[in-house]
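To keep things clear, I will list the structure first and then write my remarks on it.
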Amino acid sequence: MPAADPVARLAAELSDAVGAPIELERPGDPAHGDYATNAALRLAPERRQSPRELAEEIAASMASAPGVERTEIAGPGFVNLWLTDAWLVDALAAIVERGRDFGVGEPARRERIQVEMVSANPTGPITVAAARNGAYGDSVARLLEFAGHQVEREYYYNDSGTQMEKFRASVEARRRGEEPPEDGYHGAYVEELAASDEDPVPRMLEQVERTLDRFRVHFDSWALQSELEGRLDEFLPRLDTYEKDGAIWAPSSKYGDDDDRVLVRSPERGGGPTYRAADVVYLAHKLERSFDRAVYVLGADHHGTRRWYAAVAQMLGYDPARIEVLLYQLVHLTSGGEQRTMSKRRGDVVFLDDFMDEVGVDAARWYLVNRGPDQTIEIDVDLAAERSQKNPVYYVQYAHARIAGILRNASAEQNDDLLPSEPLAPEERDLIKRLLEFPATAAEATERRGPQGIPVYAIRVADDFHRFYHEHRVLGSNAEAFRLALVRATQNVIARCLDLVGVEAPERM
RNA sequence: GCGCCUGUAGCUCAGCGGAAGAGCAACGGCCUUCUAAGCCGUGGGUCGGAGGUUCGAAUCCUCCCAGGCGCACCA
């Protein structure tokens with residue numbers, strides 16, 4: 001573990017002292033010390049020793065390690081330890097030294113990763129449902145970058161399928177003063193598009209990009225289905241396809257998919273390539289561009305395609321481990337307690353732009369990433385704006401702004417020794433320990449592809465900070481140098497957390 | 001029928017092998033001091049149910065119940 005993570009370094013030092021791997025965790029109850037380890041409980045079976053006895057030995061070995069003030073055996077064999085103020089202040093100094101980069105990962109192998117997200121068909125404006133894809137996917141992308149990887153974001157859109165034809169037909173119908181076809185698009189935006197003679201698709205795409213920019217999801221590249229389909233002949237031979245009922249099939253069931261899939265329709269069904277054909281080309285196109293890993297961000301209604309992508313990778317001769325499909329559950333809207341279904345075709349949707357107008361960009365991003373991807377999001381449209389006033393995002397931002405206020409009033413930095421003459425107060429120790437959790441928290445959120453861990457952690461940081469702020473004066477205090485460092489480190493960690501979920505860190509509120 | 005996901009405080013949700021949490025809602029306190037968008041306190045839970053694994057299970061395994069989403073030559 002890098003020296004940039006003081007807790008990891010301490011754990012390594014203790015492991016050396018004890019001669020066994022020591023993992024440290026922060027106990028929920030402060031009476032159980034600054035950190036605790038269950039090493040004795042884990043080791044007892046293989047050492048054929050009682051956990052308590054082993055804990056005694058471990059505690060004795062750790063007692064002399066630098067930074068350890070005292071140890072204690074507790075419960076069935078936990079070892080609780082208390083650290084010296086000097087250790088905590090040194091750790092704080094290490095955080096301050098890293099600045100905004102505290103917690104940056106140092107991966108064993110730096111990967112080049114593509115994250116493909118949103119990819120909604122440009123048949124209408126971005127909805128709140130599609131926004132969850134962006135909020136989730138973009139935060140995962142930011143986490144991967146923070147973990148030390150090189151990330152590119154791509155938007156893939158279907159510009160050649162049935163839905164696009166229906167979309168264009170709907171606009172055409174409006175231009176003729178008619179109702180769009182029954183299975184066409186009926187939203188008010190279709191009428192707006194009909195008012196001009198331009199091709200509605202590029203206009204829709206521009207609007208999509210504008211909306212997502214406002215949502216702080218920015219793309220490096222855009223992939224078009226129509227272009228990919230043109231290269232189908234290159235890849236069909238690599239797939240061991242076969243013909244049945246006049247259609248061309250991929251033998252995906254041999255590679256773990258539930259069924260074989262049609263790539264090219266039979267003549268009586270039009271004979272064109274299916275979207276799955278484009279999937280094949282697109283997947284190859286991703287890996288051809290020398291991405292080590294291609295991440296798909298898909299709504300849970302697409303979970304059936306998970307096996308399909310893995311099968312495609314294998315059929316093409318690629319390692320399926322290079323393909324990663326991230327799923328998130330859907331967004332449900334309620335209005336006055338009534339369930340509303342989101343259908344772009346019926347126009348019964350909440351558009352992201354309206355949602356952002358209503359609750360603000362910060363609350364919108366926070367709201368959509370705050371829940372785990374496996375959790376269905378329920379949004380009561382009527383209460384959204386009202387609730388946004390109480391969104392915890394402001395609690396976190398407020399901590400950042402409060403610190404900015406202190407720093408505005410601070411005089412030029414002096415190079416005093418940080419260690420205060422008085423013992424550290426509980427609020428100071430708690431805040432330092434909280435900040436020290438950040439590298440592990442970020443790493444875990446990245447590995448689990450669970451960005452919701454970041455806002456949850458940020459709330460705890462803000463919580464510890466507000467408590468500290470309430471109890472202790474920074475400027476003009478005897479411990480000013482130390483507290484300024486503490487407050488700076490806190491601000492950096494909060495700003496980083498907010499950035500990881502695409503939320504701004506205001507200087508004033 | 002098969003597959004994926006979910007069931008934790010009144011509500012919305014974290015936690016996913018180590019000693020049950022947050023926000024909102026309810027009630028009661030705290031501003032001559034760096035931002036009260038803040039702080040402190042009170043009440044509130046058989047972690048859907050039943051078995052199992054483990055020194056230890058909300059967390060892992062099995063079954064059951066309830067809900068969401070899928071199972072196209074649509075995307």
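This is a predicted model, so every value here is computed, not measured.
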Open item on the list: When you measure only distances, ignoring hydrogens and angles, does the side chain of T274(A) come within 3.5 Å of the base of C73(B) through a donor and an acceptor?
Closed with: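 Looking at the base of C73(B), it does not pair with any donor or acceptor on the side chain of T274(A) (distance under 3.5 Å).
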
Open item on the list: Can you say whether a donor on the side chain of H332(A) sits under 3.5 Å from an acceptor on the base of G68(B), or the other way round?
Closed with: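 No, the side chain and the base share no sub-3.5 Å donor-acceptor pair.
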
So, is [X] near the phosphate of [N], with a side-chain N or O under 4.0 Å from OP1 or OP2?
X       : N      : answer
Y395(A) : C39(B) : yes
R402(A) : A36(B) : yes
R261(A) : C73(B) : no

Rounding to the closest angstrom, what is the interatomic distance between [N] and [M] at atom [atom1]?
N      : M      : atom1 : value
A25(B) : C61(B) : C1'   : 38 Å
A36(B) : G70(B) : C1'   : 49 Å
A72(B) : C24(B) : C1'   : 44 Å

Task: Watson-Crick or G-U stems of RNA chain B, 3 or more pairs, under 3.5 Å, by first number - done: B:1-7 with B:65-71, B:10-13 with B:21-24, B:26-30 with B:38-42, B:48-52 with B:60-64

Open item on the list: List the residues meeting ring pair (Phe, Tyr, Trp, His ring centres under 6.0 Å) with H466(A), not counting sequence neighbours, and say none if there are none.
Closed with: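 Only Y395(A), Y398(A) meet the ring pair (Phe, Tyr, Trp, His ring centres under 6.0 Å) criterion with H466(A).
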
- [ ] Check the distance between A26(B)'s P and K390(A)'s NZ and give it to me in whole angstrom.
- [x] 8 Å

Open item on the list: Tell me if the aromatic rings of F355(A) and F351(A) count as close, with their centers under 6.0 Å from one another.
Closed with: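 That pair fails the under 6.0 Å test.
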
